[in-house]
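Below: the structure, in structure tokens.
As the structure lists them, so they are numbered: ligands from 1, and atoms in each ligand from 1.
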Amino acid sequence: MRLVLLGPPGAGKGTQAGIICKRLDIPHISSGDMFRQAIKEGTELGRRAEQYMQSGNLVPDAVTVGLVQERLSKSDCRRGFLLDGFPRTVPQAEALDAWLEDRNERLEAVIDIEVPREELLRRLTGRRICSQCGATYHLQYNPPREAGKCDICGGELIQRDDDTAATVEKRLNVYREQTEPLVLYYRRRGLLREIDGSGDITAVTTAIGAALGRDW
Ligand code: AP5
Ligand code: ZN
């Protein structure tokens, strides 16, 4: 399956992507994770992306499109993929369409996870990630077994640089202005599946499964 996950910061895209990709056995391609990895490794790409991410702005389309296309060209994507956080602008969506068309491929569905703004703020400010493996937790909704430590690798849990109150506000505004037009873009193409993302993690997974015709 070739899927896109759409939704505002904190909607639960990364959380659901992890679950969906395991069930469908397809690669999870997160542009945000790729940028964070590049920053950690101190690469040229990381240096270019960092200033945009820390201020809550989008990394320029030319940089992002090239990065994602390179990843999609890898052989593991032939059996399908799930894009998380890409596309995020109309030009990115058009570039993806053109890239797929060149290969005689198409998206099967775009899952749009919708969550009210106050809940997004709670999810983002309470989020903690593992400094080692990147796993995501939440202080109340999805706490680790031992405070401050990753269940998977024992790594220290930290707050993401862009999860501060001011940057979160900026990211939500950027989403509304630059990414929300994609809802209409994909609805017009008959690909949009709107999901109520305000329930707990299991309820959201079940709703996504139903939208994809699976009994999850
Ligand atoms: P990115 O990493 O894509 O971040 P985002 O879209 O802002 O999304 P988040 O990762 O913040 O949220 P999420 O929806 O994945 O939620 P999560 O599952 O973690 O992008 C970061 C930056 O990179 C951008 O600002 C931009 O600068 C750059 N960038 C990336 N892609 C780009 C692109 N295509 N073009 C240009 N720039 C780009 O969940 C949030 C919290 O809630 C967690 O703590 C989780 O445990 C909890 N939670 C999840 N689900 C539930 C639930 N159902 N109930 C209760 N709690 C829940
Ligand atoms: Zn970890």
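Within the structure, side chain to side chain donor-acceptor pair (under 3.5 Å) contacts touching residues 41-52 (residues at least two apart or in different chains) are Gln37-Glu41.
Residues Thr167 and Asp162 have side chains that never bring a donor and an acceptor to within less than 3.5 angstrom of each other. With hydrogens and angles left out, the side-chain atoms of Thr202 and Thr205 include no donor and acceptor closer than 3.5 Å.
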Step-by-step side-chain contact (heavy atoms from CB on, under 4.5 Å) determination, Asp151 to Tyr137:
CA-CA 10 Å; Asp151 291 349; Tyr137 298 87; 3.6 Å; yes
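Using a 4.5 Å heavy-atom threshold, the side chains of Val174 and Thr179 count as separate. By the 4.5 Å heavy-atom criterion applied to side chains, Met34 and Val68 are counted as neighbours.
Excluding waters, the protein N/O/S atoms found under 2.8 Å from the Zn ion (ligand 2) are Cys130 SG, Cys133 SG, Cys150 SG, Cys153 SG.
Under the side-chain contact (heavy atoms from CB on, under 4.5 Å) test applied with Leu192, the options Leu184, Val110, Leu182 reduce to a single match, Val110.
Residues passing the salt bridge (charged side-chain N to carboxylate O under 4.0 Å, His left out) test with Arg214, sequence neighbours excluded: none.
A heavy-atom cutoff of 4.0 Å around ligand 1 is satisfied by the protein residues Pro8, Pro9, Gly10, Ala11, Gly12, Lys13, Gly14, Thr15, Ser31, Gly32, Phe35, Arg36, Met53, Asn57, Leu58, Val59, Thr64, Gly85, Phe86, Arg88, Gln92, Arg123, Leu124, Arg127, Thr136, Tyr137, His138, Tyr141, Asn142, Arg160, Asp162, Arg171, Gly199, Asp200, Ile201, Val204.
The cationic group of Arg189 lies under 6.0 Å from the six-membered ring centre of Tyr185 and within 45° of the ring axis, placing it in a cation-pi geometry.
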